[in-house]
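When a ligand or atom number is given, it counts from 1 through the structure's own listing order. We count residues from 1, following the sequence as given.
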Amino acid sequence: MANDRVVIFDTTLRDGEQAPGFSLRPAEKLQLARQLDALGVDVIEAGFPIASPADADAVRCIATEIRRPVIACLARCHRADLERAAWSLQPAERGRLHTFIATSDLHLQAKLRISREQCLEAAVEAVRYARHHTFDVEFSAEDATRSDLDFLCRVVEAVIKAGASTVNLPDTVGYATPDEIRDFFRRIRERVPNADNVVLSAHCHDDLGLAVANSLAAVEAGVRQVECTVNGIGERAGNAALEEIVMALRVRSDRLPYAVNVDPRQIYASSEMLTRLTGQGVQVNKAIVGRNAFAHEAGIHQDGILKDRRTYEIMRAEDVGAPWNPLVLGKHSGRHAVQRRCSDLGLDLDGSELVEVYRALMAIADDRKIITDNDLIAVVSGVRTAQAPATEPIDPFDTPSAAAVQHALHESGYGHGV
Ligand code: MN
């Protein structure tokens with residue numbers, strides 16, 4: 001395929017922001033939009049203007065200030081939605097109207113209560129109307145992956161004729177599997193005669209944890225835009241995570257030879273800003289941006305990492321702009337890591353000190369879960385106090401005085417609960 005570049009369409013400020021607990025004020029949205037610009041995304045979906053006056057203002061504000069990326073916003077296939085969206089995008093250097101309607105029989109019958117023919121008409125009319133306002137029109141067939149394929153093909157062909165330049169086929173409820181998605185997009189391209197005149201797009205949700213795998217499968221089937229969010233936030237279990245898609249394409253370019261514009265070194269800063277502004281952290285084991293994504297506690301792994309990072313890391317924290325503090329001390333840690341961390345803290349231990357410090361650390365590790373630098377300093381200090389020449393002879397085989405260690409830990413705050 002000649003064009004191997006994948007457009008990164010970021011919907012953190014729309015799909016992500018509309019998830020429970022993630023709402024942002026307009027000024028916060030603007031701050032994030034600046035960061036998304038620095039990250040290098042191609043399209044920023046800034047909001048759903050008809051949803052609230054504040055959202056319309058936020059989109060307009062972002063469209064005014066952020067000039068490089070395309071600024072998109074969402075509208076149902078209704079005149080009022082489209083007019084509000086067009087007003088919000090009016091100051092944009094490059095604006096995109098994104099209109100959508102559900103195409104699955106379930107949504108048509110149970111939710112919209114309209115026929116397939118009415119759906120098709122509304123879609124075509126909305127795209128035509130949107131084209132009066134802007135050349136860049138995206139159409140989404142909500143619940144596309146659960147829609148009747150013949151009907152969906154008719155809708156796709158019709159909206160392309162009406163002027164849509166991007167056609168997005170979402171897996172709205174995160175139901176599809178990767179093989180199915182690959183098949184789905186291949187069949188769309190085979191059966192819709194004008195499908196290769198537009199950019200096909202995937203928008204995958206993570207209800208079964210397959211959003212990123214499905215997005216990559218879609219790319220393999222010829223999709224050239226993926227819709228995703230920072231930290232994978234979004235409705236319910238979230239959207240495909242931008243950082244995972246970008247790093248999968250980068251780390252596995254041998255299997256996935258597709259280019260993206262994103263600067264991966266801005267990934268961590270983007271994730272951190274989103275976490276700070278929403279007050280919603282990511283799980284510690286989250287791929288790419290979780291606290292443990294580049295951390296190692298097990299002794300065998302720590303030993304490997306100290307000798308050659310490639311033993312247990314397929315990418316570097318620096319590649320995504322994250323700090324690299326890989327050695328987490330806990331009950332699975334080995335002496336190498338303890339010695340290295342002490343030395344990083346300016347505490348050079350001799351052989352017998354290391355033995356005692358290690359023994360004392362293991363004694364507290366179960367309670368502590370993670371041993372902090374303060375704990376380590378306290379333990380070293382306790383061991384050194386216990387080993388200091390005493391007026392009375394001490395038993396060299398005794399463990400460092402438990403009392404001294406406990407005292408030092410108490411001084412460091414240990415015992416005040418975690
Ligand atoms: Mn969605």
Show which side-chain atoms of residues 324-331 pair as donor or acceptor with protein atoms under 3.5 Å away, not counting sequence neighbours.
residue: W324; atom: NE1; partner: E313; partner atom: OE1; Å: 3.4
residue: W324; atom: NE1; partner: E313; partner atom: OE2; Å: 2.9
residue: K331; atom: NZ; partner: D366; partner atom: OD1; Å: 3.3

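Under a cutoff of 6.0 Å and an axis angle of 45°, R79 and Y129 form a cation-pi pair.
Within the protein, the N, O or S atoms sitting under 2.8 Å from the Mn ion (ligand 1) are D15 OD2, H203 NE2, H205 NE2.
The aromatic rings of H205 and H203 lie tilted to each other, with the angle between the two planes from 30° to 60°. H296 and Y312 have tilted rings, their planes meeting at an angle from 30° to 60° on a 0 to 90° scale.
Closest non-hydrogen pair, A123 versus I101, comes out as CB-CG2, 4.0 Å.
At distances below 3.5 Å, at least one donor-acceptor pair connects side-chain atoms of D206 with backbone N or O atoms of A211.
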